[in-house]
Structures are given as C-alpha cells and as structure tokens.
Amino acid sequence: GDSVTQMEGPVTLSEEAFLTINCTYTATGYPSLFWYVQYPGEGLQLLLKATKADDKGSNKGFEATYRKETTSFHLEKGSVQVSDSAVYFCALTPGGYNKLIFGAGTRLAVHP
Amino acid sequence: GAGVSQTPSNKVTEKGKYVELRCDPISGHTALYWYRQSLGQGPEFLIYFQGTGAADDSGLPNDRFFAVRPEGSVSTLKIQRTERGDSAVYLCASSHPAGGPPSYNEQFFGPGTRLTVL
C-alpha cells in the first residue's frame with residue numbers, strides 16, 4: 001500500500017544552520033505531497049504542499065520539490081531559527097483519495 | 001474564525017469501558033476526518049465523512065470503533081470495550097472542498113483528544 005518514510009530524528013542544529021529532512025514515498029497513481037508541522041503544545045499545521053511532479057512548495061523559508069523520478073519530497077531551509085523547533089511530518093494523499101498518509105515524524109531541535 | 005475543536009482534551013477510562021470523543025469542525029466545512037496518533041508515530045487515518053455519510057472508513061481498526069455525523073457538522077467517534085492498545089491521541093480535521101482536478105482541500109486539524117485506557 002501507499003506509505004511515507006522520513007528520516008529518523010531527532011535532528012539537532014545550531015541557529016542559522018542548513019536543514020534537510022529526507023522524505024520518500026511509495027504510491028500508485030499521482031499523489032499530492034505535504035509537509036505538516038507540530039510546534040510544542042500546538043496542533044498539526046500545514047507547512048507546504050505540492051500537487052504534481054516538479055512542483056515546489058514553499059512557506060516560511062521552507063521548500064520541498066516533488067521529485068517523481070526519485071519518489072522524494074525532501075524538506076529544506078537555508079537558515080533555521082530556534083522557533084523552527086518542532087516535529088515535522090511528511091504526508092501524501094493517494095491519487096483520487098482524500099485521506100492523508102503520514103510518515104513517523106522528525107523532531108527538530110534548534111539551539112542558539 | 002474558530003478552528004476545529006475537540007472535546008474532551010483528555011479522557012482516562014478503564015479497560016472495557018465505552019467512550020465518545022467529539023469533534024466540532026470549522027463552520028461550513030463539509031469534509032471531516034478522524035486520525036489516531038500513537039506515541040512517537042505519525043497520525044493514522046481512521047475515517048472520512050463527506051457531509052453526513054462515511055465516504056471512507058477503511059482505517060477503522062475493528063468493529064469496536066464507530067463514528068457518526070448525523071447532521072453533517074459535529075462528529076462523534078465511539079469506541080466500545082476499550083483496550084489498553086486504544087490509548088493514543090485522536091485527531092479530527094475538517095476541510096472545505098475546492099473542486100477541480102487535481103483537487104486538494106487543506107485539512108485543518110484540531111488539538112486532539114488524548115485517550116488513556118488503564
């Protein structure tokens with residue numbers, strides 16, 4: 001079945017460091033891809049999305065590109081801040097379906 | 001405006017008891033979803049409503065789990081004969097169909113109900 005695999009955390013970085021969180025997926029058809037973020041004490045929020053191959057989603061300095069050839073949707077940010085500390089979830093909706101399928105999440109801790 | 005709300009925020013029950021978890025979606029959202037998130041894992045899909053009907057209940061783990069949405073707004077997730085393995089955070093999300101292929105309707109999540117089965 002459809003699934004999402006993302007790198008295990010925690011990821012610990014110093015402020016202003018470059019961030020990459022890897023995400024790969026398995027899906028039939030043409031899924032849409034997402035990154036959700038869960039800040040401490042808060043609910044899940046959509047960070048960015050891409051609905052077709054080669055689309056780039058971006059928000060708050062984060063970017064991810066839908067790569068169909070490598071079935072990947074890696075999350076990147078050029079310069080992280082302490083306020084980016086959170087758990088990040090990669091997810092997909094299978095083509096023609098509305099349900100989200102999530103990865104296990106990656107915890108990011110950014111230190112001053 | 002108001003987001004998705006869920007009550008109670010925490011529920012502790014004993015093994016074998018019956019529980020109900022409530023979700024109030026964003027006003028006007030016709031689609032409603034339930035997910036379950038176990039500790040250290042990503043949310044796992046349970047059921048999806050479009051209006052009053054369950055359009056996809058393929059994620060319900062067994063017949064102890066049931067959900068309703070009788071008026072197309074508030075939804076209740078019901079768990080019978082609870083087991084310790086049911087302990088998790090139960091998340092509700094809602095969305096408003098935008099239509100048009102490829103269609104995606106952003107799902108807005110509530111804060112969740114933390115269920116603990118002793």
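Throughout, a chain's letter reflects where its sequence line sits, starting with A, and its residues are numbered from 1. Computed from a predicted model, the values in this text were never measured in an experiment.
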Tell me if the [atom1] atom of [X] is crowded by more than 12 foreign heavy atoms within 6.0 Å.
X       : atom1 : result
A/Glu16 : CD    : no
B/Phe65 : CZ    : yes
A/Lys68 : NZ    : yes
B/Leu39 : CG    : no
B/Glu14 : CD    : no
A/Glu8  : CD    : no

Which bit of B/Glu44 comes within less than 4.5 Å of chain A, counting heavy atoms only: side chain, backbone, both or neither?
->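 For B/Glu44, there is no contact with chain A at all, as no heavy atom is under 4.5 Å.
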Atom group of B/Ser58 that falls short of 4.5 Å from chain A, counting heavy atoms =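 Contact with chain A: side chain only.
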Do you know which of B/Ala93, B/Gly59, B/Pro43, B/Pro111 has the most heavy-atom pairs under 4.5 Å to chain A?
->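 Counting heavy-atom pairs under 4.5 Å, the top option is B/Pro43.
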Chain B: which of A/Ala104, A/Cys90, A/Gly43 shares the most heavy-atom pairs with it under 4.5 Å?
->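 The residue among A/Ala104, A/Cys90, A/Gly43 with the greatest pair count is A/Ala104.
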Output the distance between atom CD1 (B/Ile47) and atom NZ (A/Lys99), rounded to the nearest 0.5 Å.
->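 That separation rounds to 12.0 Å.
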Heavy-atom pair of closest approach, residues B/Gly42 and A/Phe89 =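 Smallest heavy-atom distance, with atoms named: CA-CE2, 3.5 Å.
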A/Asn98 versus B/Gln107, closest heavy-atom pair with distance |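 Taking every non-hydrogen atom into account, O-NE2, 2.9 Å.
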same_hphob_cluster(A/Leu33, A/Leu19) at 4.5 Å side-chain heavy-atom cutoff =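 The answer is yes; both residues are in one hydrophobic cluster.
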Kindly say whether the aromatic ring centers of A/Phe102 and B/Phe45 come within a distance under 6.0 Å.
->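 No, ring centres 6.0 Å or more apart.
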Is a donor on one side and an acceptor on the other found under 3.5 Å between the side chain of B/Tyr35 and the backbone of A/Leu100?
->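 Checked: pair present.
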Side-chain contact test, heavy atoms from C-beta onward, threshold under 4.5 Å: evaluate it for A/Gln38 versus B/Gln37 and give yes or no.
->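 A/Gln38 vs B/Gln37: side chains touch.
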